[in-house]
Amino acid sequence: MAYNEFAYFYDELNGAADYDALFLYVKQQLERHNVQNGIVVDLGCGTGDLTLMLTQAGYDMIGVDQSEEMLAVLREKADELELSQRLLLLRQNILELDLYGTIRAAISTFDTYNHIGPKENFEKAIEKAAFFMEKGGVFLFDLNTPYKHQKVLADNVFDLEGPDATCRWENHYDEATQTVDIQINIHYLDTDERFQEQFKEYTYSLDYVKTVLERYGFAMETVCDGETFGPLTEQSQRYMITAVKQYTQMEK
């Protein structure tokens with residue numbers, strides 16, 4: 001799925017996200033696996049706060065997103081920080097990923113991979129990331145947990161407010177398909193314009209994710225709480241997964 005109108009005030013309504021903690025964890029994991037420079041791709045980079053932080057840290061970043069609106073916001077930020085020359089942005093669907101060469105690492109945050117189901121799409125996205133990954137490369141990505149889908153999003157409605165717009169976020173969890181149907185209603189306060197976007201999130205168990213990763217040459221090394229970056233609990237709402245590529249495509 002690709003955010004359209006939502007892209008323009010995504011940052012306003014995602015203000016609770018702790019990007020400093022996320023950046024620190026991602027950078028620590030990369031360095032732990034001797035990825036201290038080189039090409040790192042951010043899959044589903046969105047408006048790119050994490051992408052830019054890693055660019056500033058010295059990585060050669062590629063930001064991939066299928067939303068031109070999201071990439072437009074990221075380009076503007078990169079220009080303001082004078083980082084545009086050190087950042088490659090690609091408008092691509094990660095199911096059709098083409099990076100033109102190998103990468104040291106890939107990251108994907110804020111439940112991008114929950115959006116790309118059903119399972120055959122999830123597996124194709126993992127396969128695509130694996131194809132471009134060097135041996136020993138690191139894949140860091142998060143997923144909303146089954147607990148979040150069943151107990152937090154569920155059939156709840158959330159009203160979000162920013163200085164320029166409001167957003168009503170409506171959820172419906174389908175137990176039979178283990179999916180969450182989401183509808184976003186956006187109201188721009190200055191112009192009184194209203195927009196609606198709809199998309200779906202898919203639920204995956206950790207056992208299933210581990211199986212898919214291993215099928216495409218990754219070892220699932222660690223899983224932590226993707227919000228506290230500490231141990232998982234029964235109420236964890238996000239998994240943060242670190243997987244390591246065990247061989248190159250030539251060695252398969």
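None of these values were measured; they are calculated from a predicted model.
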Peer 1: Evaluate the criterion side chain to side chain contact (heavy atoms under 4.5 Å, CB included) for residue pair L143 and Y204; output intermediate values, then yes/no.
Peer 2: CA-CA 8 Å; L143 291 167; Y204 312 112; 4.2 Å; yes
Peer 1: For the residue pair D42 / T51, report whether a side-chain donor-acceptor contact shorter than 3.5 Å exists.
Peer 2: yes
Peer 1: So do the side chains of F195 and I184 get within less than 4.5 Å of each other, counting heavy atoms only?
Peer 2: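 Contact flag for F195/I184 side chains = no.
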Peer 1: Between T112 (side chain only) and S108 (backbone N and O only), is there a donor and an acceptor less than 3.5 Å apart?
Peer 2: no
Peer 1: In terms of side-chain geometry, is the basic nitrogen of E120 or K124 positioned less than 4.0 Å from the acidic oxygen of its partner?
Peer 2: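 Looking at K124 together with E120, the answer is no, because their closest N to O distance does not fall below 4.0 Å.
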Peer 1: Regarding D60 and R104, does a basic nitrogen lie under 4.0 Å from an acidic carboxylate oxygen?
Peer 2: no
Peer 1: Does the side chain of D155 pick up a donor-acceptor pair with the side chain of H172 at under 3.5 Å?
Peer 2: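 Side-chain D/A pair, D155 to H172: present.
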Peer 1: Under 3.5 Å, is there a donor-acceptor pair linking the side chains of T242 and Q29?
Peer 2: yes
Peer 1: Of all heavy-atom pairs between I62 and L99, which one has the smallest distance, and what is that distance?
Peer 2: CG2-CD2, 4.4 Å
Peer 1: Quick check: closest heavy atoms across V35 and A105, and the distance to 0.1 Å?
Peer 2: CG1-CB, 4.2 Å
Peer 1: Please work out whether the ring planes of H115 and F199 are parallel, tilted or perpendicular, with thresholds of 30° and 60°.
Peer 2: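 Judged by the thresholds at 30° and 60°, the geometry between H115 and F199 is perpendicular.
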Peer 1: What are the two closest heavy atoms between C45 and L71, and how far apart are they?
Peer 2: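 Of all heavy-atom pairs spanning C45 and L71, the closest is SG-CD2, 3.8 Å.
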Peer 1: Heavy atoms only: give me the nearest I107-L50 pair and the separation to one decimal.
Peer 2: CD1-CD2, 3.7 Å
Peer 1: Side chain to side chain contact (heavy atoms under 4.5 Å, CB included), that's the test. Do F122 and V209 meet it? Break it down for me.
Peer 2: CA-CA 9 Å; F122 178 82; V209 173; 4.1 Å; yes
Peer 1: When you check the gap from the basic side-chain N to the acidic O, do K119 and E123 get nearer than 4.0 Å?
Peer 2: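 Judged by the 4.0 Å cut-off on N to carboxylate O distance, K119 and E123 do not form a salt bridge.
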Peer 1: K128 vs D98, test: salt bridge (charged side-chain N to carboxylate O under 4.0 Å, His left out). Steps then yes/no.
Peer 2: CA-CA 8 Å; K128 282 290 187 179; D98 190 352; over 6 Å; no
Peer 1: Please assess E68 against R75 for the test salt bridge (charged side-chain N to carboxylate O under 4.0 Å, His left out), listing each intermediate value before the final yes or no.
Peer 2: CA-CA 10 Å; E68 180 56 43; R75 286 190 195 97; 2.6 Å; yes
Peer 1: What do the steps show when you test I103 against E134 for side chain to side chain contact (heavy atoms under 4.5 Å, CB included), and what is the final call?
Peer 2: CA-CA 6 Å; I103 58 174; E134 297 177 4; over 6 Å; no
Peer 1: Any chance you could lay out the side chain to side chain contact (heavy atoms under 4.5 Å, CB included) test for L232 and Y239, step after step, and finish with the verdict?
Peer 2: CA-CA 8 Å; L232 287 176; Y239 299 131; 3.8 Å; yes
Peer 1: Would you say the side-chain atoms of Q246 pair up with the backbone N or O of V244, donor to acceptor, closer than 3.5 Å?
Peer 2: yes
Peer 1: Strictly below 4.0 Å, N to O, side chains only: are R238 and D111 in salt-bridge contact?
Peer 2: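 Looking at R238 and D111, the cut-off is met.
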Peer 1: Between F132 and L97, what is the shortest heavy-atom contact and its length?
Peer 2: CE1-O, 3.4 Å
Peer 1: Between the side chains of H149 and E201, does any donor sit under 3.5 Å from an acceptor?
Peer 2: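 Yes.
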Peer 1: Can you check whether P146's main-chain N or O pairs, donor with acceptor, with T203's side chain at less than 3.5 Å?
Peer 2: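 Absent.
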Peer 1: Check whether any side-chain heavy atom of V223 lies under 4.5 Å from a side-chain heavy atom of M240, and answer yes or no.
Peer 2: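 No, too far: nothing below the 4.5 Å cut-off.
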Peer 1: Only pairs at least two apart or in different chains count here, so list each ring-ring contact (aromatic ring centres under 6.0 Å, His included) that has a residue in residues 22-72.
Peer 2: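 Only Y25-F229 qualify under ring-ring contact (aromatic ring centres under 6.0 Å, His included).
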Peer 1: Is it true that a side-chain atom of T179 and a backbone atom of Y202 form a donor plus acceptor pair closer than 3.5 Å?
Peer 2: no
Peer 1: Membership question, hydrophobic clusters at under 4.5 Å side-chain separation (ILVMFWY): are L24 and L52 in the same one?
Peer 2: no
Peer 1: Indicate yes or no for a side-chain donor-acceptor contact from D181 to the backbone of K200 under 3.5 Å, with no hydrogens or angles considered.
Peer 2: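 No; judged by distance alone, with no hydrogens or angles, the pair does not exist.
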Peer 1: List the steps and the verdict of side chain to side chain donor-acceptor pair (under 3.5 Å) for D79 and S84.
Peer 2: CA-CA 6 Å; D79 287 343; S84 297; 2.3 Å; yes
Peer 1: Looking only at non-hydrogen atoms, find the nearest pair between V152 and N156 and report the distance.
Peer 2: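 Shortest heavy-atom contact: O-ND2, 2.8 Å.
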Peer 1: Should the pair K245 and F139 be classed as cation-pi, given the thresholds of under 6.0 Å to the six-membered ring centre and 45° from the axis?
Peer 2: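 No, a cation-pi geometry is absent between K245 and F139.
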Peer 1: Going through the distances and angles, do Q183 and Q198 end up as a side chain to side chain donor-acceptor pair (under 3.5 Å)?
Peer 2: CA-CA 4 Å; Q183 179 175 293; Q198 295 178 310; 2.8 Å; yes
